[in-house]
Colleague: 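I am attaching a structure below and will ask some questions about it afterwards.
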Amino acid sequence: QRQVVESGGGLVQPGGSLRVSCVASGFTMEHYAIGWFRQAPGKEREGVACISSSHGSTDYSDSVKGRFTVSRDNARNTAYLQMDSLGPEDTARYYCAAGWTERPSTCARVEVPYEYWGQGAQVTVVP
């Protein structure tokens, strides 16, 4: 069964940091772009970051650029979203998604290219 599973969310104070991991199973992540999305209560899901398959090119939304870092370790079949300088506006459920791609140097922050989605990890930023 092909799936991705997130872990590492939690509760943090403003200005703090968290790292969410995304582990793939049932397939080799190397040829898949990884997208990170979040959804806050009452809001639409938004793509905040992505990383291409083998080249490791990245893209970020303006809302997280400079604070979040996406990375991947293909040998471990794992991707990461490092979140620094967190604020209350970052409170959301964070999802990773994997999409097979023939373009090793590009990724997208829209949902369409991604086939496998995790259940999400809750990140809550409170004073």
Side-chain angles (χ1 to χ4, degrees):
Q1 181 181 2
R2 299 181 179 186
Q3 62 179 1
V4 293
V5 179
E6 303 93 340
S7 63
L11 197 67
V12 66
Q13 293 182 333
S17 298
L18 280 174
R19 187 177 77 165
V20 181
S21 301
C22 172
V23 179
S25 60
F27 65 98
T28 301
M29 183 184 277
E30 179 180 5
H31 300 294
Y32 288 72
I34 302 296
W36 286 94
F37 298 79
R38 69 183 181 186
Q39 188 167 23
K43 295 187 177 181
E44 293 187 354
R45 189 155 58 184
E46 64 166 326
V48 295
C50 67
I51 185 166
S52 67
S53 56
S54 57
H55 285 197
S57 301
T58 58
D59 187 44
Y60 300 91
S61 66
D62 289 342
S63 60
V64 307
K65 193 174 295 182
R67 301 187 298 120
F68 289 14
T69 304
V70 59
S71 62
R72 62 192 299 154
D73 184 341
N74 288 336
R76 296 180 182 271
N77 240 24
T78 303
Y80 305 95
L81 183 67
Q82 175 68 40
M83 302 177 287
D84 299 318
S85 301
L86 285 162
E89 68 277 10
D90 297 312
T91 294
R93 193 161 187 87
Y94 285 74
Y95 300 86
C96 76
W100 188 84
T101 177
E102 293 182 340
R103 299 181 177 182
S105 61
T106 64
C107 65
R109 289 185 289 107
V110 294
E111 298 186 19
V112 171
Y114 297 100
E115 307 160 56
Y116 307 109
W117 290 77
Q119 294 300 307
Q122 180 66 35
V123 172
T124 303
V125 185
V126 292

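Because only heavy atoms are used, hydrogens play no part in the values below, and waters and symmetry mates are left out as well, while side chains stay in. It should be emphasised that the depicted structure is a prediction, and the values quoted were computed from it without experimental measurement.
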Colleague: Flag yes if Tyr94 and Val125 sit in one hydrophobic cluster, no otherwise; membership is Ile, Leu, Val, Met, Phe, Trp, Tyr, and two members link when side-chain heavy atoms are under 4.5 Å apart.
Modeller: yes
Colleague: To the nearest 0.5 Å, how far apart are CD1 in Ile51 and CD1 in Ile34?
Modeller: 8.5 Å
Colleague: Could you measure the distance from the OG atom of Ser53 to the CG atom of Asn74? Nearest 0.5 Å is fine.
Modeller: 8.0 Å
Colleague: Is any side-chain heavy atom of Trp36 less than 4.5 Å from a side-chain heavy atom of Val64?
Modeller: no
Colleague: Taking the side chain as every heavy atom from C-beta outward, state whether Leu11 and Gln122 have any pair of such atoms under 4.5 Å apart.
Modeller: no
Colleague: What are the two closest heavy atoms between Ser52 and Pro104, and how far apart are they?
Modeller: OG-O, 2.9 Å
Colleague: Could you check if a side-chain atom of Tyr32 sits within less than 4.5 angstrom of a side-chain atom of Arg2, using non-hydrogen atoms only?
Modeller: yes
Colleague: What side-chain hydrogen bond (donor to acceptor under 3.5 Å, both in side chains) pairs are there with at least one residue in residues 97-106, not counting sequence neighbours?
Modeller: none
Colleague: Can you confirm whether more than 12 heavy atoms, excluding those of Arg76, are under 6.0 Å from its CZ atom?
Modeller: no
Colleague: Answer yes or no: is there a side-chain heavy-atom contact under 4.5 Å between Val20 and Val123?
Modeller: yes
Colleague: Given the rule that I, L, V, M, F, W and Y join up when any side-chain heavy atoms are under 4.5 Å apart, are Leu81 and Leu86 in one cluster?
Modeller: yes
Colleague: Kindly say whether Arg67 contributes a backbone atom to a donor-acceptor pair with the side chain of Tyr60 at under 3.5 angstrom?
Modeller: no
Colleague: If the condition is salt bridge (charged side-chain N to carboxylate O under 4.0 Å, His left out), which residues does Arg72 pass it with, not counting sequence neighbours?
Modeller: none
Colleague: Do Phe68 and Tyr95 share a hydrophobic cluster, counting only Ile, Leu, Val, Met, Phe, Trp and Tyr and linking them when any side-chain heavy atoms are less than 4.5 Å apart?
Modeller: no
Colleague: Treating Asp59 as the side-chain partner and Cys50 as the backbone partner, does any N or O pair qualify as donor plus acceptor under 3.5 Å?
Modeller: no
Colleague: Ignoring hydrogens and geometry, is there a side-chain-to-backbone donor-acceptor pair from Arg38 to Ala92 under 3.5 Å?
Modeller: no
Colleague: Any side-chain heavy atom of Met83 sitting closer than 4.5 Å to one from Val12?
Modeller: no
Colleague: Is a donor on one side and an acceptor on the other found under 3.5 Å between the side chain of Glu6 and the backbone of Gln119?
Modeller: yes
Colleague: Looking at every non-hydrogen atom in both residues, tell me the closest pair between Ser61 and Gly47 and how far apart they are.
Modeller: CB-O, 3.7 Å
Colleague: Quick one, Phe27 and Val4 - any side-chain contact, counting heavy atoms below 4.5 Å?
Modeller: yes
Colleague: For residues 19-29, which residue pairs pass the side-chain hydrogen bond (donor to acceptor under 3.5 Å, both in side chains) check, not counting sequence neighbours?
Modeller: none
Colleague: For Phe37 and Tyr114, take the angle between the two ring planes, folded into 0 to 90°, and tell me which bin it lands in: parallel under 30, tilted 30 to 60, perpendicular over 60.
Modeller: perpendicular
Colleague: What closest approach, in Å, do Ser85 and Ser17 show between heavy atoms, and which atom pair accounts for it?
Modeller: N-OG, 4.4 Å
Colleague: Rounded to the nearest 0.5 Å, what's the gap from OH on Tyr80 to CG on Asp73? Could you check?
Modeller: 5.0 Å
Colleague: Heavy-atom distance under 4.5 Å between the side chains of Glu89 and Ser63, does that happen here?
Modeller: no
Colleague: What's the separation between atom SG in Cys22 and atom CD in Gln3, rounded to the nearest 0.5 Å?
Modeller: 10.5 Å
